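Single-structure report; data block below.
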Amino acid sequence: MRRRRPDEIMRRLRSNPQPVGDNPASPVAGQGARLDDQISLLEALMDHVPDAIYFKDRESRFTRVNRYAAERFGITDPLLAVGRTDFDFFTDEHAAQAMRDEQEIMRTGQPLVNVEEKETLPDDQIRWVSTTKLPLRDAQGNIIGTFGISRDITQRKKAEEQLQHRAFYDPLTDLPNRALFLDRLQHMFNRSRRALGSPVFAVLYLDLDRFKTINDSFGHQVGDELLVATARRLERCVRPGDTLARLGGDEFTVLLDDVRGEAYATAVAERIHKELATPLHVRGHEVFTSVSVGIALSSAGYDSPDDMLRDADTAMYRAKAGGRSRHQVFASDMHQRAVSSLQLETDLRHALERHEILAHYQPIVDLGSGAVIGFEALARWQHPTMGMLLPDLFIPVAEESGQVGAIGEWMLSEACRQAREWQRRDARWSKLGVSVNVSGRQLSQGTLPAVVERVLGETGLDPSALTLEITESALMHNLNVGTVVVERLRAMSVGLHLDDFGTGYSSLAYLHNFPVHALKIDRSFVTRMDRAPQQGAIVRAIVSLAHNLGMDVVAEGVETAAQAAALRGLRCQRAQGFLFSQPLAPENAAQFLLRSD
């Protein structure tokens, strides 16, 4: 019998509803021919449906499969499957499960509908299918086997897995993201609530030191590659069961299970510091980086994952404030300090508009003549409830919150205005100068020369009467931008001093290239020079270095006549400190000038 194409059969059935056979006059022949056509149609449909269709007997042997199922089984002819079982085409685990399902269907008569199955082939290839299995009955209704339709959903499952991966993994480093990290941390909390004596776990909060500087200096591509390289290094520092995640930006977290106390968590932090100590080579650049690490332990009795992560973050900031490339375990008083710092930041946002920021002035004297040659302007905050606050308390908060630029610009304007007012008041003060501190953030923005030029124009102060004090650390952190800014300021005839010299990075290799006029010796060296010989040696070395480079020297923190005498003996030109005067309000500074004349 010729097998008809399905489109031909359907066309004939639609055009002629009567039985189609060789002898239409014969009812028997007509019924046989119609049945023959129906069987041919079903066979054609089975072989053209893009799903695996199969029939099995009571022993789960295939009695018929369609062409698509044969292709899935890796055979060319559907007849080759007859008499065989799933054990001939799949792994034993999958085949055994299929047989158990089919035996249950034949026992209960209940179908399995749209069950998702993972098929594993002998070559370890994995395929996902959605399968419906039904009992196969004979004309009397007896179950004689099973009938199955299986649709390949591998591509859909892969798409779902990709979406799942994107939802819980960082696209840059392929580490778990914040959502997955918090989910695993929540699992730890759930476990500890279910069972007393559960193992202690710990959260390590990591923040790369100086990442913004690297990003700004070398570009975002280098920054991204640095993050990826750092992620790979951090993976070497944790166990397979621990969770390393990237929260975003340059922040990473580690969840350590069963840490057996604080010592193990700190040992992991030390391992991380050591791993990151060697430089990375990224796009032709040798890049050094380190991390500040905060540690929180579950033994502190946390109620939620968010609280534990918050405290690890707080400890990290304490480590960073302590000098970077350090780790710090959270202590109970840190949270209160963090809350107080946040309140201070909120209050600081209104301090300028409420005229609470003040400028006080500390005299700078000529050590040879004792004459006052200028003042250093120092910020003070008249807090409405806490009283007068020194800059050590609020300037770090201003740096962190981004408010230091506005405060620094106000201080520059106010100091220049005040200096010009003193110059006009008395001819003897016409050469009086003023020094103003510049923050690292002001230096990095590159707009400082334009701001200085505008302020000098508004106040009428001669550029030579203004000195800007830039810390060694700020300049080294912003080396490329800072050098350009300093050169532009010097071209404007503004004085430039390198502040806190000796306390920051070792910059001797660059010092001769910095167009600064003077070095300021940090008070930590000066105040101990008459008590510790080594401190005196450091001061002597700094003064000698400055003189050899053609720079002046200003000593800070002079408190005793012996210190002043020692500095004069070293030919240090200028000094300031409590020996001469504490910082003064503007009206008191004017009185100090009158008494000094």
Side-chain angles (χ1 to χ4, degrees), residues 357 359-364 373-379 391 395 398-399 404-420 422-423 431-505 507 510-511 513-523 546 549-556 573-576 583:
I357 301 297
H360 282 201
Y361 300 88
Q362 185 169 43
I364 301 172
I373 57 176
F375 289 91
E376 179 181 358
L378 299 167
I395 290 299
E399 286 271 10
V404 72
I407 293 174
E409 189 170 332
W410 181 88
M411 283 292 296
L412 175 66
S413 179
E414 178 62 17
C416 289
R417 183 200 63 76
Q418 183 63 69
R420 185 59 182 139
W422 285 330
Q423 289 176 351
K431 299 297 183 180
L432 196 68
V434 65
S435 297
V436 180
N437 292 285
V438 173
S439 71
R441 187 179 292 269
Q442 288 175 283
L443 194 65
S444 66
Q445 291 173 345
T447 58
L448 184 60
V451 173
V452 170
E453 187 174 23
R454 175 180 58 78
V455 169
L456 290 175
E458 291 173 351
T459 60
L461 185 69
D462 189 277
S464 63
L466 173 64
T467 296
L468 297 179
E469 298 190 359
I470 304 169
T471 66
E472 181 184 9
S473 297
L475 191 55
M476 292 303 296
H477 273 136
N478 304 278
L479 190 57
N480 295 331
V481 176
T483 303
V484 173
V485 168
V486 167
E487 288 175 347
R488 288 179 59 192
L489 290 168
R490 176 151 184 165
M492 296 166 56
S493 299
V494 171
L496 297 166
H497 289 182
L498 198 57
D499 198 11
D500 298 341
F501 186 76
T503 62
Y505 289 86
S507 57
Y510 300 96
L511 187 58
N513 293 323
F514 291 153
V516 297
H517 300 94
L519 301 182
K520 293 196 74 172
I521 306 174
D522 186 71
R523 67 181 66 250
L549 294 174
M551 300 178 184
D552 290 338
V553 183
V554 182
E556 295 182 302
Q573 294 94 337
R574 309 171 203 170
Q576 62 188 95

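Below, all heavy atoms of this structure are taken into account, side chains as well, without hydrogens, waters or symmetry copies. Worth saying up front: this structure is predicted, and the values here are computed from it rather than measured.
Looking at every heavy atom in both residues, V451 comes nearest to L412 through CG1-CD2, 4.0 Å. Listed here is the closest heavy atom pair of C416 and T459: CB-OG1, 3.7 Å. Scanning all heavy atoms of the two residues, the minimum distance from V485 to P449 falls at CG1-CD, 3.9 Å.
With sequence neighbours excluded, the residues that form a side-chain contact (heavy atoms from CB on, under 4.5 Å) with S439 are E399, V404, R441, Q442. Scanning for side-chain hydrogen bond (donor to acceptor under 3.5 Å, both in side chains) contacts around D552 gives Q573, R574, with sequence neighbours left out. Contacts of E458 classified as salt bridge (Lys or Arg N to Asp or Glu O under 4.0 Å), with partners at least two apart in sequence or in another chain: R454. Residues that satisfy the salt bridge (Lys or Arg N to Asp or Glu O under 4.0 Å) test with R523, not counting sequence neighbours, are absent from this structure. Annotation: side-chain contact (heavy atoms from CB on, under 4.5 Å) contacts of A415 (sequence neighbours excluded): Y361, A377, V434, V436.
Rounding to the nearest 0.5 Å places CD of Q423 at 6.5 Å from CG of L432. Once rounded to the nearest 0.5 Å, the distance linking CD of E556 with CG of D499 reads 4.5 Å. Between Q418 atom CD and M411 atom CE the span is 11.0 Å, to the nearest 0.5 Å. Here L489 contributes atom CG and E487 contributes atom CD; the two are 10.5 Å apart, rounded to the nearest 0.5 Å.
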Distance-only criterion, 3.5 Å: show the donor-acceptor pairs between side-chain atoms of residues 462-471 and protein atoms not counting sequence neighbours.
unit_1	atom_1	unit_2	atom_2	d
D462	OD1	S464	N	2.9
D462	OD1	S464	OG	2.5
E469	OE1	K520	NZ	3.1
E469	OE2	K520	NZ	2.8
T471	OG1	A474	N	3.1

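Side-chain N or O atoms of H517 include none that pairs as donor or acceptor with a backbone N or O of H497 at under 3.5 Å.
Checked for salt-bridge contact, E414 and R417 meet the test: a charged N lies under 4.0 Å from a carboxylate O.
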